[in-house]
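One structure is given below, encoded as structure tokens.
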Amino acid sequence: MPELELPKDDFVRDIIRDDLSKGSHQAVITRFPPEPNGYLHIGHAKSICLNFGVAKEFGGHCHLRFDDTNPAKEEQEFIDSIKEDVSWLGFDWGENLFHASDYFEQLYSWAESLINKGLAYVCDLSAEEMREYRGTLTEPGRDSPYRNRSVEENLSLFREMRAGGFPEGSKTLRAKIDMASGNMNLRDPALYRIKHAAHPRTGSTWKIYPTYDYAHGQSDAIEGITHSLCTLEFADHRPLYDWLIEHLTVPARPRQYEFARLNLTHTVLSKRVLMRLVSEGHVTGWDDPRMPTIRGMRRRGVPPEALKDFIGRLAISKSDSTIEMQMLDHSIREHLNEHAERRMAVLKPLKLTIRNWPKGQTEMLEVPNHPGRPELGTRKIPFSGSLWIEADDFMEDPPRKFFRLGPGREVRLRFAYLVTCEDFIKNETGEVTEIICTYDPATAGGNAPDGRKVKGIIHWVSAVHAIEAEVLLTSQLFKSENPSAGGDPIEDIDANSLEVVKEVKLEPELASALAGYPVQFERLGYFNRDPAQSQLAFIRTIGLRDSWAKTQTKG
RNA sequence: UGGGGCGUGGCCAAGUGGUUAAGGCAUCGGGUUUUGAUCCCGUGAUCCCUGGUUCGAAUCCAGGCGCCCCAGCCA
């Protein structure tokens, strides 16, 4: 069934539609501008989908541009991983791969032009002094004592800065705007700072680097970006963005528009905190399945289509909002329900022996790979008189509403036969170790010829044929909806969010499972072959909805 | 009287003066079902508050209240 995509409509697309109809632009050019100082997470995915999505919808292009203006924090490793993640999401920047560092020379000469116009000056204030001079949110700042240097002096100082004649932090190039502005960004913002660190792309060529504010808008202009979409916290920077575009002889006039960033319950999307989770060892790495990173979700088995579907349901607006994690869960389940093939696996094995099954006999059952999609074919699974069933599917003294096995109760072994529990065996500690049943030979395939009703259906794996693997069961990394509410989110980490289950029993077919193609373990959830382990292992992508668990907790 | 942004059901969110105030997620009922899954039905708001304009306001005006962002030579 082809997925029906509703036309997207939001304030950004309204603006674009309007610009296009007025003829302000021939085509739409957007950009996704990550700083290569970390891995992409689901919040970035929103921006990626917006920028690439909008470009595609209106027949334009989206550039992938690395905002690599701070060599102290950026690494090639991140450049590579970001490209990989964007591609995995299914977006293609084609020829349009850029770096702000490609424009360093041009940006530099524009900076000199600003100096020549008397709109920028070299300032000797230290970082601390600059902060003092900046004033506060409610009090105006004071002019730097270096604010009125001559053009000639500024020029020679700035050239000396470029030549590496000054130590890091000793000087900056600042725009001369308004130290009394209510907008802090206009209080003579720094345009260039001295950094002697090696840049992943330009090496040691440069001793000075442009700030975000100076580089971003100009890079947009150079690339002919028509709509520069960023998050709300940059709205205050827009007057500066516009000021620079106005005072520089740039080739185009890009406009910046801001939308609300994505927030999700039960997780945190701050680069700083994500970094701590990894560096302090609270998770196993950037690809830990509990991480909201693109690689974490990929390893977990979240299909890119599900992620994009989720983001497509989000609105592009300007109001701060926090989306419930269940929304994402829904998109994942919806996609996987349709696409994942079904398999059988037993997580907490309990032996079930069929007393009247012919000794040593194995029957191969042909079963569908998907209940609703016959085109996905069938597979054969072995059935025998000695099975593993889920320990949770048996109760010694079950309540009325428990539809599974209990003394004297009859259930359907999925796709196989109806069995009745005749007896059970306990060990010294009182733990049930084996269930003894008889099967009804007339119920092959699970059909009762007499039409008798069997409410319970349980899954199973033939004991002699089962293969084993390790399974990773994860739950939310954080206990509360808003992990930062109580202060340090690290305090809110759920120590039990990662459970490793060994020697899980699987139907033989699962030996050939491929990472990236999650399957449904019937009645349990969706599982992805763990790409990070060489031996057979699975990660639970997400569980099935479980109304039985709900009625249980309700008592 | 620092600047900027936002306020529609539990969570998102359409709506741009006349609609029974869309839709999705969640919840709770019910039906179907060889996954207690899926699927299918059904279920809730007078729109932050107070005044005003108008025949008529979530939509316009005025005044409040609340929340978020900004004082990096980070982005």
Side-chain angles (χ1 to χ4, degrees), chain A residues 6 9-10 33-35 37-38 67 69-70 72-74 123 125-127 130-132 134-141 168-174 180-187 189-195 208-209 211-213 215-216 230-239 258 260 265 271-272 310 313-315 317-331 333-334 337-338 342 344 367-368 370-372 401-404 412-416 418 445-448 454-459 481 520-525 543-552:
Chain A
L6 294 166
D9 194 23
D10 50 62
E35 182 190 15
N37 71 342
D67 230 322
T69 56
N70 187 356
K73 296 185 171 180
E74 298 152 5
C123 182
L125 252 29
S126 68
M130 207 185 278
R131 193 182 320 123
E132 285 167 29
R134 189 155 32 229
T136 69
L137 294 176
T138 53
E139 299 157 19
E168 275 193 30
S170 62
K171 285 180 168 49
T172 54
L173 180 75
R174 294 224 257 164
S181 172
N183 183 341
M184 301 297 277
N185 297 116
L186 263 22
R187 318 246 266 227
L191 266 23
Y192 269 91
R193 54 326 194 176
I194 299 168
K195 288 202 183 278
I208 56 172
Y209 290 89
T211 57
Y212 162 84
D213 282 312
H216 203 92
C230 63
T231 45
L232 245 31
E233 64 270 28
F234 290 99
D236 286 344
H237 295 242
R238 183 162 19 96
E258 311 87 20
T265 59
K271 263 187 192 176
R272 203 193 93 254
F310 164 70
R313 290 170 194 247
L314 261 30
S317 73
K318 289 173 96 80
S319 50
D320 287 311
S321 59
T322 301
I323 303 326
E324 294 178 332
M325 189 60 87
Q326 298 147 129
M327 271 254 207
L328 209 211
D329 293 348
H330 172 79
S331 288
R333 286 199 185 97
E334 188 176 71
N337 175 55
E338 186 179 345
R342 269 75 301 199
M344 289 212 277
V367 307
H370 190 112
K401 302 226 292 200
F402 185 79
F403 304 145
R404 311 170 192 180
R412 171 181 293 119
L413 292 173
R414 174 137 240 233
F415 301 130
L418 264 37
N447 303 299
V454 180
K455 183 80 176 162
I457 301 150
I458 66 174
H459 60 277
E481 281 206 351
Q520 184 194 102
F521 289 177
E522 297 223 23
R523 302 212 305 138
L524 295 174
L544 257 26
R545 291 183 61 179
D546 189 351
S547 58
W548 166 239
K550 266 182 204 164
T551 65
Q552 270 180 312

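Between Arg313(A) atom CZ and rC12(B) atom C1' there is a gap of 12 Å when expressed in whole angstrom units. Rounding to whole angstrom units, NZ of residue Lys455(A) and P of rU33(B) are separated by 9 Å. The distance from atom OH of Tyr209(A) to atom P of rA75(B) is 12 Å, rounded to the nearest whole Å. The separation between Arg134(A) atom CZ and rG3(B) atom P is 19 Å, rounded to whole Å. Between the NZ atom of Lys550(A) and the P atom of rC28(B) there is a distance of 5 Å, given to the nearest Å. Going from atom NE2 of His370(A) over to atom C1' of rA37(B) covers 10 Å, rounded to whole Å. One atom, CG of Asp329(A), and another, C1' of rU38(B), lie 16 Å apart when rounded to the nearest Å.
Of the candidates rG24(B), rC12(B), rG4(B), rG24(B) carries the atom nearest the Met327(A) side chain, counting heavy atoms from C-beta on. Checked against rC74(B), rC6(B), rU38(B), the side chain of Ser319(A) finds its nearest nucleotide in rC6(B). Checking rG36(B), rA13(B), rC73(B) against every side-chain atom of Phe403(A), the shortest atom distance belongs to rG36(B). In this structure, of rA71(B), rC28(B), rC25(B), it is rA71(B) that holds the atom nearest to the side chain of Leu137(A). Residue Gln326(A) has its side chain nearest to rC25(B) when only rC25(B), rA75(B), rA71(B) are considered. Distances were taken from every side-chain heavy atom of Ile323(A) (C-beta onward) to each of rC74(B), rA37(B), rC12(B); the shortest belongs to rC12(B). Looking at the side chain of Arg131(A), the nearest of the listed nucleotides rU35(B), rA75(B), rG72(B) is rG72(B). Comparing atom distances between the Ala315(A) side chain and each of rG36(B), rA13(B), rC25(B) picks out rA13(B) as nearest. For Thr69(A), counting side-chain heavy atoms from C-beta on, the closest listed nucleotide (rG3(B), rA75(B), rA71(B)) is rA75(B). Among the nucleotides rA14(B), rA75(B), rU35(B), the one closest to any side-chain atom of Ser317(A) is rA14(B).
Within the nucleic acid shown, Thr172(A) comes within 4.0 Å of at least one base atom, counting heavy atoms only. At the heavy-atom level, Gln520(A) lies under 4.0 Å from base atoms of the strands shown. Note on Thr138(A): a base of the nucleic acid sits closer than 4.0 angstrom, heavy atoms only. No engagement by His216(A) is indicated, since no non-hydrogen atom pair under 4.0 Å with the nucleic acid exists. Residue Pro371(A) is in base contact, counting any heavy-atom pair closer than 4.0 Å across all strands shown. Residue Thr136(A) is classed as a base contact, given a heavy-atom separation below 4.0 Å to a base. Among the heavy atoms of the strands lying under 4.0 Å from Thr322(A) are primed sugar atoms or P, OP1, OP2 only; no base atom is included. Counting any heavy atom pair closer than 4.0 Å across all strands shown, Phe402(A) reaches a base atom. Note on Phe234(A): a base of the nucleic acid sits closer than 4.0 angstrom, heavy atoms only. Within 4.0 Å of Leu125(A), counting heavy atoms only, lies at least one base atom of the nucleic acid. Across all strands, Gly372(A) comes closer than 4.0 Å to no nucleic acid atom at all (heavy-atom distances). Residue contacts for Lys271(A): at a heavy-atom cut-off of 4.0 Å it reaches no nucleic acid atom on any strand shown. Arg412(A) comes within 4.0 angstrom of a base, heavy atoms only. In this structure, Asn37(A) reaches neither bases nor backbone, as no heavy-atom distance under 4.0 Å exists between it and the strands shown.
Heavy-atom distances to RNA chain B give each of Arg523(A) and Ala235(A) a nearest nucleotide, and the one nearer the 5′ end belongs to Ala235(A). Nearest-nucleotide positions on RNA chain B for Ser126(A) and Asn185(A) put Asn185(A) closer to the 5' end.
Searching all strands for a Watson-Crick or G-U wobble partner of rG63(B) with both distances below 3.5 Å returns rC49(B). With a 3.5 Å ceiling on both atom-pair distances, the Watson-Crick or G-U wobble partner of rG42(B) is rC28(B). Nucleotide rU16(B) forms no Watson-Crick or G-U wobble pair with any nucleotide shown, as no partner meets the under 3.5 Å limit on both distances.
Residue-to-nucleotide contacts include no donor-acceptor pair under 3.5 Å from the side chain of His459(A) to the base of rA37(B). In the interface, the side chain of Asp236(A) is paired with the base of rG3(B) through a donor and an acceptor atom under 3.5 Å apart. One can find a donor-acceptor pair under 3.5 Å joining the base of rG36(B) and the side-chain atoms of Arg404(A). No donor-acceptor contact under 3.5 Å links the side chain of Glu338(A) to the base of rU38(B). For a distance-only test at 3.5 Å, the side chain of Glu324(A) qualifies as a donor-acceptor partner of the base of rG10(B).
By the 5.5 angstrom centroid cut-off and the 30-degree plane limit, Trp548(A) is classified as stacked against the base of rG36(B).
Between Asn185(A) and Pro239(A) the shortest side-chain heavy-atom distance does not fall below 4.5 Å. You'll find the side chain of His237(A) stays beyond 4.5 Å of the side chain of His216(A), heavy atoms only. Looking at heavy atoms from C-beta onward, Met344(A) lies out of side-chain contact with Val367(A) at the 4.5 angstrom threshold. Met184(A) places none of its side-chain heavy atoms less than 4.5 Å from the side chain of Asp236(A). Residues Lys195(A) and Asn70(A) meet the side-chain proximity criterion, which asks for heavy atoms closer than 4.5 Å. Counting heavy atoms from C-beta outward, Leu328(A) and Ile323(A) have side chains that stay 4.5 Å or more apart. At a threshold of 4.5 Å between non-hydrogen side-chain atoms, the residues Arg414(A) and Arg523(A) do not count as touching.
In this model, the phosphate group of rC73(B) is not approached by any side-chain N or O of Arg187(A) to a distance below 4.0 Å at OP1 or OP2. Remark: Arg545(A) is in phosphate contact with rU38(B), judged by side-chain N or O atoms under 4.0 Å from OP1 or OP2. Taking only side-chain nitrogens and oxygens, Arg193(A) comes nearer than 4.0 Å to OP1 or OP2 of rC74(B).
Only the C1' atoms considered, rC28(B) is 22 Å distant from rA22(B), to the nearest whole Å. The gap from the C1' atom of rC69(B) to that of rU46(B) amounts to 31 Å, rounded to the nearest Å. The C1' atoms of rG52(B) and rA57(B) are separated by 12 Å, rounded to the nearest whole Å.
A donor-acceptor pair under 3.5 Å is absent between the side-chain atoms of Thr231(A) and the main chain of Glu233(A), judged by distance alone. Side chain of Thr322(A) to main chain of Thr265(A): no donor-acceptor pair is present (N/O by atom type, distance under 3.5 Å, no hydrogens or angles).
Contact check on Glu258(A) versus Arg238(A) returns a salt bridge, with a Lys/Arg side-chain nitrogen under 4.0 Å from an Asp/Glu carboxylate oxygen.
With its glycosidic angle more than 90° from 0, rG5(B) is assigned anti.
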